[in-house]
Amino acid sequence: MSQAPLDWVVFKIAQRCNLNCSYCYVYNRGDDSWKSRPPIVSDDVVEMLGRRVAEQCARFSLPRFVIEFHGGEPLLVGKPRMQRIIDLLRAGSPRVELRMILQTNGLLLDEEWVELFDHNHVSFGISLDGPPEVGDRYRVFPNGQGSTGRLLEIVNRLRRSGPLFDQTLGGVLCVVDPSVNGGDLVRWFVDNGFDCFEFLLPDGNYANPPAGWRGVEPMRRFLLEAFDAWYTMGKRAPQIRLFETMLLGFMGIKPELDALGGDLRKLCVVESDGSIGISDVVRFCQGEYAVDRLNIFRDALEARTDAYNIAELQRPCAQCEVCPHLKSCGGGYLPHRFDGTSFANPSLYCDALFALGERMVTAIREDIPASLIRIQPVPAAAHAELSL
Ligand code: SF4
Ligand code: SF4
């Protein structure tokens with residue numbers, strides 16, 4: 001039996017998108033599986049997932065479960081269908097506290113969508129890589145035109161119509177362009193009213209690096225600039241999950257973020273045809289890692305852990321095992337470790353993550369009293385696993 005029962009499903013309710021972002025792992029990293037799946041999820045799949053969630057919660061006595069709506073672009077399902085999907089899932093798991101979240105590119109958002117999310121207690125995140133001169137390099141419509149200006153207009157319009165948009169907005173996902181200044185980007189988000197965002201490192205690995213890859217140095221510089229800007233912001237500092245999770249790791253709190261070695265047994269991706277693979281992102285590693293061997297019509301959600309040997313797959317490599325920053329970095333994101341045959345490597349971004357860990361240690365050392373650092377050894381009962 002798994003040590004960490006799965007309590008989170010990423011549900012791909014739409015397989016198409018109104019954008020064609022150049023870095024997108026769904027469309028532009030060599031995996032075409034989306035073409036053969038239903039563009040919009042059917043009632044049958046939604047109802048079956050509801051039953052699987054109820055079964056999982058009963059088996060492991062889980063009081064709550066997270067369903068994260070994803071695509072493609074999930075808003076392409078339309079409002080009536082979205083409401084039906086929510087209703088069917090809740091009806092399928094009546095004794096479970098279902099927490100629903102959604103990730104959208106935001107280009108179809110309007111007041112009615114925001115009201116629908118608010119009414120159903122669905123928190124949503126938007127994808128925004130920064131100002132148009134940054135975001136439009138990658139986040140483009142199928143005709144190649146940039147989309148960021150349009151998204152910012154929508155955000156500004158929704159904010160003018162009342163507080164509901166910001167109350168319902170869970171956060172922003174930002175795929176990092178390491179050629180920009182990290183500090184400037186953090187300040188841009190704050191100045192534009194975004195107080196919770198996440199930096200995603202562009203998907204790529206040793207076998208299939210990100211487009212335009214110029215080595216890890218630009219990412220190292222970006223992360224240090226961003227961290228320094230964030231750490232010195234005081235009360236204005238936004239929530240940035242990457243930094244917060246790493247800092248918590250130094251305090252012995254195990255990362256739950258998949259990008260930082262979080263336990264992948266706790267989460268699975270269900271596609272619009274009900275199939276379950278290792279994950280949607282890992283699919284760009286291709287070969288056997290792109291094959292879906294499970295489907296919710298045949299298999300329990302928990303079957304994924306053993307079917308894909310997730311525990312072994314995510315085990316940190318020998319170099320990570322002895323790294324002083326393993327507790328904060330976790331070895332990085334699984335698909336970023338792949339070398340064409342195996343995941344037993346440090347992240348492609350290892351040097352950048354290591355440098356960030358070093359900078360965090362320095363910052364913590366400067367901020368805690370020297371007398372505390374000198375205490376040796378730490379009594380077992382009070383041991384907070386600070387690897388300073
Ligand atoms: S909005 Fe998301 S799903 Fe659509 S192309 Fe961009 S990254 Fe891919
Ligand atoms: S910094 Fe590098 S070696 Fe250390 S845990 Fe992270 S990926 Fe592994």
Side-chain angles (χ1 to χ4, degrees), residues 10 12-29 31 34 39 69-76 102-109 124-129 135-144 146-148 150-151 172-175 200-203 205-206 210-211 216 219-220 223 242 245-246 249-250 254-255 257 259-262 269 271-272 280-281 283-284 314-339 343-361 387:
V10 177
K12 312 270 272 188
I13 58 176
Q15 293 284 346
R16 307 290 190 265
C17 192
N18 46 351
L19 286 188
N20 185 25
C21 306
S22 56
Y23 51 54
C24 180
Y25 63 81
V26 181
Y27 308 112
N28 294 318
R29 301 294 292 163
D31 169 41
W34 59 274
F69 299 115
H70 247 251
E73 170 47 47
L75 300 197
L76 284 176
L102 178 142
Q103 185 63 33
T104 172
N105 62 34
L107 292 162
L108 296 172
L109 273 178
F124 66 91
I126 58 173
S127 303
L128 172 63
D129 292 352
D136 286 356
R137 296 176 195 162
Y138 312 96
R139 299 194 64 79
V140 293
F141 290 103
N143 66 5
S147 64
T148 309
R150 174 96 59 93
L151 175 59
V172 172
L173 285 186
C174 166
V175 177
L200 302 180
L201 310 189
D203 286 320
N205 53 45
Y206 300 95
V216 73
M219 187 60 77
R220 189 192 72 84
L223 289 177
L242 182 75
T245 306
M246 284 187 74
F250 285 114
K254 211 170 159 12
L257 196 60
L260 293 173
V269 180
E271 300 285 350
S272 63
D280 53 345
V281 189
R283 218 175 256 119
F284 88 80
Q314 69 181 359
R315 192 184 302 284
C317 69
Q319 183 179 331
C320 292
E321 284 287 6
V322 297
C323 174
H325 299 318
L326 179 62
K327 284 186 185 128
S328 57
C329 160
Y333 193 26
L334 183 71
H336 298 175
R337 303 179 200 169
F338 191 62
D339 64 5
F343 294 91
N345 305 290
S347 165
L348 178 72
Y349 294 105
C350 172
D351 287 356
L353 294 167
F354 189 90
L356 181 57
E358 291 286 292
R359 182 64 61 91
M360 288 179 169
V361 168
S387 36

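Atoms within each ligand, like the ligands themselves, are counted from 1 in listed order. By convention here, the first residue in the shown sequence is residue 1.
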- Pair T148-L128, side chain to side chain contact (heavy atoms under 4.5 Å, CB included): steps then yes or no: CA-CA 7 Å; T148 309; L128 172 63; 3.7 Å; yes
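Assignment of S347 to the shell around ligand 2 is supported, since a heavy atom sits closer than 4.0 Å.
The distance from atom 8 (Fe) of ligand 2 to the nearest N/O/S atom of C320 is under 2.8 Å.
Expressed to the nearest 0.5 Å, how far NE2 of H336 lies from SG of C350 amounts to 13.5 Å. For the atom pair R359 CZ and M246 CE, the distance stands at 12.5 Å (nearest 0.5 Å). Distance check: L75 CG to T104 OG1 gives 3.5 Å after rounding to the nearest 0.5 Å.
Counting the atoms of ligand 2 from 1 in the order shown, those under 4.0 Å from a heavy atom of F354 are 1 (S). Numbered from 1 in the order shown, with element, the atoms of ligand 2 that lie under 4.0 Å from a heavy atom of C323 read 1 (S), 3 (S), 4 (Fe), 5 (S). Atom numbering of ligand 2 starts at 1 in the shown order; those under 4.0 Å from a heavy atom of C329 are 1 (S), 5 (S), 6 (Fe), 7 (S).
Protein residues with a heavy atom under 4.0 Å from ligand 1 are C17, L19, N20, C21, C24, Y27, G72, N105, R139.
Between F338 and F343, the ring-plane angle classifies as tilted under the 30° and 60° cut-offs.
A 4.5 Å side-chain heavy-atom check between Y206 and L348 finds at least one atom pair inside the cut-off.
Between D203 and Y333, the closest heavy-atom pair is OD1-CE2, 3.9 Å.
Ring centroid separation for the pair Y25 and F284 does not come in under the 6.0 Å cut-off.
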